[in-house]
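Before any comments, here is the structure.
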Amino acid sequence: MDLDTMMDRRHSVRSYGGIPPSDQDMDRIVAAARKAPSAGGLKALRVFVLGSGTERKCMMEAALHQSFIAEAPFLLLFCADHKAIEPYGDRGKELYCVQDATIAAAFAMLKATELGLGTCWVGAFDEAKVRKAAGLPGHLRPVAMLTVGYEK
Ligand SMILES: Cc1cc2nc3c(=O)[nH]c(=O)nc-3n(C[C@H](O)[C@H](O)[C@H](O)COP(=O)(O)O)c2cc1C
């Protein structure tokens, strides 16, 4: 699929069918995220793949109870890594690692589209609740989530 077609096809999917994406496809999506550029090549981000019903329900509650989050078979959580970006000081912490996580999420989104999967970017969430639900250490800041699955 060429890039124009992919960008035309991509849209936010908030209704998911029963068949989950394969583990192989989820690996491909995470691998695509890792290919994104990052400030100084430091890759100051972490990606978590959340597949269990309990995890997705907790994230749904942390994200204003947007119900499609629990219905999607997978949820990717993109975090900025404050420790990895330390060499770039305040600007790194406030901006670069957030951009690293964001562009990685965009790469993941396009890869999922190429694989015929639907996604929805989720930015409306309570950071403290997401931190707690995902058990994140203090140096990881949750930046974005992507639901992933086949559109119903
Ligand atoms: C930074 C950001 C935050 C978003 N947060 C949410 C969200 O919390 N819930 C949601 O349903 N969609 C969210 N979206 C998806 C947008 O609503 C969606 O991309 C927009 O309406 C355009 O529709 P499209 O993606 O189908 O082109 C978010 C998108 C971005 C880029």
Side-chain angles (χ1 to χ4, degrees), residues 1-21 25-26 28-39 42-82 84-85 88 90-136 139-152:
M1 197 189 298
D2 68 39
L3 190 57
D4 275 338
T5 308
M6 221 164 24
M7 289 190 293
D8 285 341
R9 285 204 186 155
R10 189 218 59 81
H11 59 281
S12 293
V13 171
R14 299 182 181 88
S15 179
Y16 292 94
I19 303 169
D25 277 355
M26 292 308 297
R28 289 185 178 117
I29 292 168
V30 172
R34 296 203 188 288
K35 287 180 190 168
S38 64
L42 293 179
K43 297 197 182 297
L45 76 139
R46 290 282 301 276
V47 187
F48 296 92
V49 181
L50 308 178
S52 85
T54 312
E55 287 171 321
R56 288 178 290 115
K57 184 169 173 287
C58 288
M59 289 301 168
M60 185 261 292
E61 287 167 2
L64 316 181
H65 288 84
Q66 300 181 76
S67 57
F68 67 91
I69 295 172
E71 286 155 19
F74 283 102
L75 184 64
L76 296 175
L77 173 62
F78 292 84
C79 298
D81 186 337
H82 290 170
I85 206 69
Y88 286 117
D90 288 346
R91 188 166 173 79
K93 185 176 175 186
E94 283 155 25
L95 186 62
Y96 295 167
C97 60
V98 174
Q99 292 181 331
D100 284 2
T102 306
I103 196 165
F107 271 46
M109 187 175 231
L110 286 176
K111 185 65 189 180
T113 305
E114 191 206 26
L115 293 169
L117 291 160
T119 59
C120 187
W121 193 289
V122 177
F125 56 78
D126 180 316
E127 282 193 30
K129 286 183 184 166
V130 168
R131 276 178 194 284
K132 195 171 172 208
L136 297 179
H139 67 281
L140 295 183
R141 179 184 181 196
V143 168
M145 297 192 237
L146 281 187
T147 51
V148 184
Y150 288 103
E151 185 169 18
K152 197 186 263 177

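Order of listing sets the numbers, starting from 1, for every ligand and every atom in it.
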Side-chain ion pair, K129 and E61, N-O less than 4.0 Å
no
Examine G123 against ligand 1 and note whether any of their N/O atoms are separated by less than 3.5 Å.
yes
Under 3.5 Å: donor-acceptor pair, side chain of H11, backbone of R9
yes
For I69, run the side chain to side chain contact (heavy atoms under 4.5 Å, CB included) check against L75, L50, L64 and tell me which one passes.
L75
Atom 14 (N) of ligand 1: the protein heavy-atom neighbour that sits closest, reported with distance to 0.1 Å:
W121 O, 3.1 Å
Location of contacts on A144 toward ligand 1, heavy atoms closer than 4.0 Å:
neither
Quick one, F74 with T147, criterion side chain to side chain contact (heavy atoms under 4.5 Å, CB included). Give me CA distance, side-chain angles, the key distance, then yes/no.
CA-CA 6 Å; F74 283 102; T147 51; over 6 Å; no
Counting each atom of ligand 1 from 1 as listed, which ones have a heavy atom of C120 under 4.0 Å away?
10 (C), 11 (O), 12 (N)
Look only at the side chain of D100 and the backbone of A80, and say whether a donor-acceptor pair between them is shorter than 3.5 Å.
no
May I ask whether atom 22 (C) of ligand 1 is less than 4.0 Å from at least one protein heavy atom?
no
Is the backbone N or O of E94 less than 3.5 Å from a side-chain atom of R141, with the two atoms forming a donor-acceptor pair by type?
no
Less than 4.0 Å between a side-chain N and a carboxylate O, is that true for R28 and D25?
yes
Among protein heavy atoms, which sits nearest to atom 17 (O) of ligand 1, and what does the distance come to when rounded to 0.1 Å?
R14 NH2, 3.3 Å
Apply the test side chain to side chain contact (heavy atoms under 4.5 Å, CB included) to residues R56 and M59: give CA-CA distance (whole Å), side-chain angles for both, the deciding distance (0.1 Å), then the verdict.
CA-CA 5 Å; R56 288 178 290 115; M59 289 301 168; 5.6 Å; no
Counting non-hydrogen protein atoms only, what is the nearest one to atom 8 (O) of ligand 1? Give residue, atom name and distance.
A124 N, 3.1 Å
Between ligand 1 and S12, is the shortest N or O to N or O distance under 3.5 Å?
yes
Winner among R10, M7, H11 once heavy atoms are compared against atom 27 (O) of ligand 1:
R10
Look at atom 10 (C) of ligand 1 and find which of M145, Q66, M109 reaches it with the closest heavy atom.
Q66
Got an N/O contact under 3.5 Å between V122 and ligand 1?
no
What part of F68 sits under 4.0 Å from ligand 1 if we count only heavy atoms: the side chain, the backbone, both or neither?
side chain
